[in-house]
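As structure tokens, the structure follows; a few thoughts come after it.
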Amino acid sequence: MTGKEYRTITDVKGPLVFLNKTEPVAFGEIVELRLTDGTLKNGQVLDTSDDQVIVQVFEGTASIDKQTGIKFLGDVFKLPVSTDMIGRILDGAGRPRDGGPAIVADEKADIIGAAINPYSRQSPDTFIQTGISAIDACTSLVRGQKLPIFSASGLPHNDIALQIARQAKLVDSDDDFVVVFCAMGITAEEYNFFVHDLERTGALENACLFVNLADDPAVERLITPRLALTAAEYLAFEKDYHVLVIYTDMTNYCESLRQIGAAREEVPGRRGYPGYMYTDLAMLYERAGLVKGKKGSITQFPILTMPGDDITHPIPDLSGYITEGQIVISRELHQKGIYPPINVLPSLSRLMNAGIGDGKTREDHKSVSDQLYAAYAQGRELRGLVAIVGEDALNERDLQLLKFADIFENKFLRQSRDEERSINEGTLDYAWELLANIDTKYLVRLDQKWIDKYHPTEKKV
Amino acid sequence: MSEENGVIYRISGPVVTAVGISPRMYEVVRVGDEGLMGEVIELHGDQSVIQVYEETSGVRPGEPVIRTGQTLSVQLGPGLLTKIYDGIQRPLPELEKTMGVFIKRGVDADGLDLGKNWDFKATAKPGDSVSSGDIIGTVQETKTIEHRVMMPPGKSGVIKNINSGEFNVTQTVCTLEDGTEVQMMQKWPVRTPRPFTKKHAPEVPLQTGQRILDFLFPLAKGGTAGIPGPFGSGKTVTQQQLAKWSDADIVVYIGCGERGNEMTEVLDEFPHLIDPKTGEALMNRTTMIANTSNMPVAAREASVYTGITIAEYFRDMGYDVALMADSTSRWAEAMREISSRLEEMPGEEGYPAYLSSRLAEFYERAGRVETLSGGDGSVSVIGAVSPPGGDISEPVSQGTLRIVKVFWGLDAGLARQRHFPAINWLNSYSLYPPSLDQWYRDNIKSDFPEIRTEISALLQVEAELQEIVQLVGSDALPVDQQLTLEVARMIREYFLQQNAFHDVDTYTDLKLQYTMAKAILSFQEESKKALAGGAALEDVVNVPARTDLMRGRFESGYADKIEELLDNMNKQIADTMEAN
């Protein structure tokens with residue numbers, strides 16, 4: 001049936017084209033649209049029946065008229081994949097954007113991706129050192145994890161993502177990461193920032209970029225991350241690479257999802273987002289992990305900007321249910337001039353415990369992390385109290401904790417954009433040094449044996 | 001038989017419309033050239049609407065749809081335990097064998113291993129009159145669990161012939177006078193509750209070894225509990241603790257729409273867990289269902305029914321079963337998604353109008369019952385709810401709270417303070433204590449309920465005092481109230497906080513829980529005496545023996561040592577009077 005061109009469009013609505021047709025078309029099938037001026041567009045079948053087919057057009061429906069010819073290509077969307085993709089910049093539909101030649105495919109992979117059998121997964125337990133103390137100490141990342149950055153407009157999430165991409169490494173291994181970067185609806189300026197930085201540090205040679213910018217068709221954004229993940233899966237599970245996938249901005253992706261839902265007149269869920277957004281997001285995020293018997297891995301860093309800094313908004317909320325924790329960027333810290341402005345209190349890494357401790361990072365890691373967390377949390381709470389009753393009302397312990405909160409923010413969190421701290425000397429020892437500002441008797445989360453071994457002034461050598 | 005075979009008319013995601021067949025509601029059909037499994041969920045004129053349990057991309061109108069004549073059923077019989085299934089009872093290890101690490105489609109797999117032989121021991125004999133649910137024989141299914149083979153529902157009569165020996169689940173082990181043949185395997189439609197004789201009142205607690213749960217907010221055997229928890233509040237760990245430690249005979253764990261990596265952690269961890277009661281692997285009494293968030297949504301919808309049917313089957317043998325569903329919100333979302341594909345008129349927040357009745361029907365399948373054979377079995381259901389943004393005013397949480405009798409309110413704030421299990425003692429509740437108190441009096445100590453009341457009252461008082469402390473600081477309080485705060489802090493840090501990852505602290509039996517609670521009250525009493533005798537509060541609360549008492553819970557054999565530690569503490573507290 002390929003080759004046959006239909007001119008039976010009945011309706012065009014938003015990004016959707018409705019047509020009557022005569023032969024059976026597969027659900028999810030790829031469509032080519034030939035406009036009267038010869039322009040070609042691509043689309044995908046969203047709904048198919050004997051009477052009507054609904055096609056979602058990736059490049060937008062501008063200029064489509066009822067004379068537009070539609071060809072069904074007889075297959076679902078597939079991406080040509082190859083290791084040649086490393087070092088390349090592709091557009092949101094997988095075509096070269098860097099002026100280079102088309103990708104010569106080793107094979108073609110279905111971009112929807114199949115679910116990994118949960119029984120075949122391998123538990124992620126290898127610590128990734130990002131060189132950023134706040135992340136390494138308090139929300140440790142492990143290989144195969146999906147850990148989103150919850151940010152908001154005007155915050156330096158891109159710098160943090162890039163710093164992670166640059167510095168991420170395993171502690172006792174030379175294995176390097178390949179970065180698959182997926183841009184969805186970001187501005188040209190942000191894009192240039194990313195590319196420039198990747199070029200500057202030479203990381204571009206080890207990266208594969210899929211780019212859909214703000215002025216590219218919104219619907220295309222729905223396939224861009226799927227292409228990126230398909231490439232990542234190929235590199236990880238066929239070619240044994242360790243892949244770090246960074247995608248930004250998930251909020252734009254979800255907006256596109258809502259746009260399609262609205263055009264199809266679907267019953268909207270919360271805030272107009274479609275009811276299936278959870279499943280849809282899961283089908284992206286869940287393409288992270290490790291598989292038994294395969295060497296490679298996929299670690300994901302989705303970035304999303306929370307509309308109105310609202311963490312209960314459906315996008316961060318549903319993401320939080322699927323991902324294994326989150327890194328929350330704080331406007332308050334940013335305004336204090338602290339970089340990276342990571343608020344460790346709502347941040348969380350669900351796989352942290354599997355990746356830290358003796359033989360992985362250091363035996364005292366968990367205790368130190370708990371202690372930092374507890375002391376900082378109490379210190380911040382005391383700030384509220386001081387605002388009401390003044391410092392004079394505090395006892396010795398509270399004063400120390402109050403002071404510690406400032407020390408934590410200004411010394412532990414704060415580091416420069418290219419400062420790379422090693423986990424043991426740079427982060428954990430430094431944490432001990434800062435914790436020494438608090439009397440040991442108040443450091444209740446630290447086992448005595450760790451105090452004896454690591455406390456800068458009280459250790460027994 | 002043209003009406004057995006139809007064709008696809010329309011495909012929209014997991015919802016497929018077929019024409020040319022007239023199936024029954026909830027009948028299972030095979031869709032398309034690949035024979036994808038689907039279930040009829042709506043009949044509309046000559047169209048049948050089908051939810052398909054597998055990915056539908058690439059399927060075309062005009063492909064065949066074939067009736068099976070059966071509703072969605074599970075295979076029940078020896079071999080359920082130790083298994084890991086997806087939402088429609090396909091064993092995941094089998095799927096891995098046939099299609100590799102990615103779940104492809106169109107593959108069918110039996111829930112039970114049909115070829116495996118089991119050593120069947122007949123317990124009924126020829127001439128016995130048996131009816132539905134009567135136990136006719138046993139099979140040692142795993143080292144710890146004896147599988148009781150029951151007469152399938154709807155079959156009864158006088159046994160003509162019954163044989164012990166090696167049989168697989170489809171071979172006839174028993175023949176009735178009227179010629180009816182009975183096999184070990186039976187099938188049961190998942191959406192229909194299995195029958196029983198009558199429901200009992202919930203009078204026996206389900207012991208979990210988790211202090212805050214057992215002592216303050218107990219769940220009865222056959223009861224229902226809801227755990228709403230915002231993400232990051234330790235819900236999954238709490239559920240895993242329940243699976244590991246509760247005193248149910250059988251555990252059914254449903255991972256419904258949850259994270260792949262976490263499911264894997266459960267799947268990896270469970271087989272290594274040792275059952276504290278038998279010393280054998282915990283998997284020997286566990287069936288797991290894993291349908292992660294990216295697996296087909298319709299199978300997620302079915303997974304809770306698959307799980308509870310298996311639970312009911314073990315209940316019918318006379319076992320106590322604990323069923324964990326994590327999470328029912330994901331199940332509700334699956335219903336919402338399918339409902340919206342059907343273009344049904346939505347209720348609150350896009351959920352279908354039948355959401356609360358489906359939730360109620362599900363939880364109603366819990367209970368302690370007299371089985372058809374006259375035994376005593378129970379299914380306790382512990383459902384996790386994941387309310388968006390932690391806001392429990394949303395429909396799934398509300399629909400659940402109207403039904404369940406226990407609410408374990410996980411609190412992200414507590415989790416942030418690293419107080420685990422992060423169950424908020426102020427807003428959690430259990431409606432079971434009145435019916436369980438007699439059991440506690442008879443089996444633990446006669447004043448158990450009173451001690452519990454004192455402990456919860458102290459926590460209430462603390463909450464009120466904390467409000468004052470927030471304003472004026474704790475030094476401004478009179479000494480007796482400062483002591484109350486100190487006692488409450490002891491309850492929180494010594495009793496309520498429990499380290500799930502610590503070998504010893506992870507489980508505390510009810511007797512020790514009672515002793516620990518008494519120790520706290522004893523501290524309060526002795527301190528009061530000491531303060532009245534002129535001791536300084538600081539000296540009293542800082543006696544080293546109290547730290548020993550509190551830390552002692554991390555050491556094995558604590559139950560034997562606690563009395564001595566307590567005496568030491570009381571002595572030291574008394575000594576503080578003389579110091580002044």
Side-chain angles (χ1 to χ4, degrees), chain A residues 24-29 47-50 76 112 114-124 144-145 266-270 274-276 278-279 282-283 286 289 291-294 311-312 314 317-318 320-322 324-325 345-346 348 350-351 353-354 370 373-374 377 385 388-389 393 395 445, chain B residues 9-13 17 55-63 84 92-93 95-96 100-104 231-232 255 257 259-265 267-268 290 292-295 297 330 333-334 336-337 339-340 343-344 346 349-350 386 388-391 416-418 470-473 475 501:
Chain A
V25 169
F27 177 73
E29 190 169 337
D47 194 318
T48 168
S49 71
D50 284 346
V76 294
I112 300 295
I116 301 176
N117 185 334
Y119 180 77
S120 311
R121 280 178 183 268
Q122 196 186 321
S123 288
Q145 187 170 14
E266 287 169 348
V267 179
R270 268 200 302 155
Y276 50 80
Y278 176 81
T279 306
M283 288 178 73
E286 281 292 346
V291 168
K292 282 177 197 155
K294 309 249 182 195
I311 202 168
T312 67
D317 192 57
L318 295 180
Y321 275 124
I322 306 161
E324 285 127 358
L345 299 184
L348 169 82
R350 290 169 171 274
L351 302 181
N353 285 341
D370 282 354
Y373 196 97
L385 186 63
I388 302 172
V389 299
N395 59 27
R445 308 269 170 170
Chain B
Y9 166 73
R10 177 185 170 195
I11 303 139
S12 171
T17 310
E55 173 65 39
T56 52
S57 64
V59 177
R60 294 164 196 275
E63 289 185 17
I84 300 165
L92 289 173
L95 294 186
E96 186 189 69
V101 297
F102 291 100
I103 295 183
K104 302 198 181 75
F231 58 76
R259 300 177 186 86
N261 277 334
E262 274 186 0
M263 202 64 233
T264 305
E265 202 185 316
L267 300 185
D268 275 358
T292 56
S293 54
N294 56 337
M295 285 157 78
V297 66
R330 305 282 93 89
E333 274 158 20
R336 173 166 73 180
E337 195 169 326
S339 162
S340 101
E343 294 165 12
E344 290 175 341
E349 289 193 21
S386 327
D391 168 20
R416 228 168 280 156
Q417 293 161 27
R418 296 293 190 263
Q470 291 287 332
L471 295 175
V472 298
D475 292 346
F501 301 102

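This one's a predicted model, so the numbers in the text were calculated from it and none came from an experiment. Every chain is numbered from 1 and lettered A, B, ... according to where its sequence line falls, protein lines coming before strand lines.
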Inset, instruction - Name the region of L385(A), side chain, backbone, both or neither, that has any atom closer than 4.5 Å to a heavy atom of chain B. - result: side chain

Legend entry - With R445(A) via side chain to side chain donor-acceptor pair (under 3.5 Å) - residues at least two apart: none

Inset, instruction - Pick whichever of N353(A), L351(A), I322(A) has the most heavy-atom pairs under 4.5 Å with chain B. - result: I322(A)

Legend entry - Top contributor to chain A interface from E63(B), M295(B), M263(B) [non-hydrogen pairs under 4.5 Å]: M295(B)

Inset, instruction - Output the distance between atom CD (E333(B)) and atom OH (Y321(A)), rounded to the nearest 0.5 Å. - result: 8.5 Å

Legend entry - Nearest non-hydrogen partners of T264(B) and P118(A), listed with the distance: OG1-O, 3.3 Å

Inset, instruction - Say whether T292(B) and E286(A), considering side chains only, have a donor N or O and an acceptor N or O under 3.5 Å apart. - result: no

Legend entry - Option that, when pairs with chain B are counted at under 4.5 Å, heavy atom only, ranks first among P346(A), G275(A), A114(A): A114(A)

Legend entry - Side-chain donor-acceptor contact under 3.5 Å, E324(A) with N261(B): yes

Legend entry - Which of V59(B), T17(B), D268(B), I84(B) touches chain A most, by non-hydrogen pairs under 4.5 Å: V59(B)

Legend entry - Exercise: identify the closest heavy-atom pair between Y278(A) and S293(B): OH-CB, 3.6 Å

Legend entry - Contacting moiety of Y373(A), where chain B heavy atoms sit under 4.5 Å: side chain

Legend entry - Between I116(A), N395(A), V76(A), the one whose heavy-atom pairs under 4.5 Å with chain B are most numerous: I116(A)

Legend entry - Among the listed options E96(B), E349(B), R330(B), E337(B), the residue most often paired with chain A at heavy-atom distances under 4.5 Å: R330(B)

Inset, instruction - Quick one: pull up CZ in R60(B) and OG in S49(A) and give me the separation to the nearest 0.5 Å. - result: 14.0 Å

Legend entry - Side-chain touch P61(B)/Y9(B), heavy atoms, less than 4.5 angstrom: no

Inset, instruction - Identify which part of I112(A) has an atom lying under 4.5 Å from any heavy atom of chain B, answering side chain, backbone, both or neither. - result: side chain

Legend entry - Contacting region of L95(B) [heavy-atom separation from chain A under 4.5 Å]: both

Inset, instruction - Sort out for me which of E262(B), E265(B), R10(B) touches chain A most, counting heavy-atom pairs under 4.5 Å. - result: R10(B)

Legend entry - Most chain A-contacting option - heavy-atom pairs closer than 4.5 Å, from S340(B), G260(B), G350(B): G260(B)

Inset, instruction - Mind ranking D47(A), V291(A), D370(A) by heavy-atom pairs under 4.5 Å with chain B and telling me who comes out on top? - result: D47(A)

Legend entry - Distance in Å, I103(B) CD1 paired with Y119(A) OH, rounded so as to fall on 0.5 Å steps: 13.0 Å

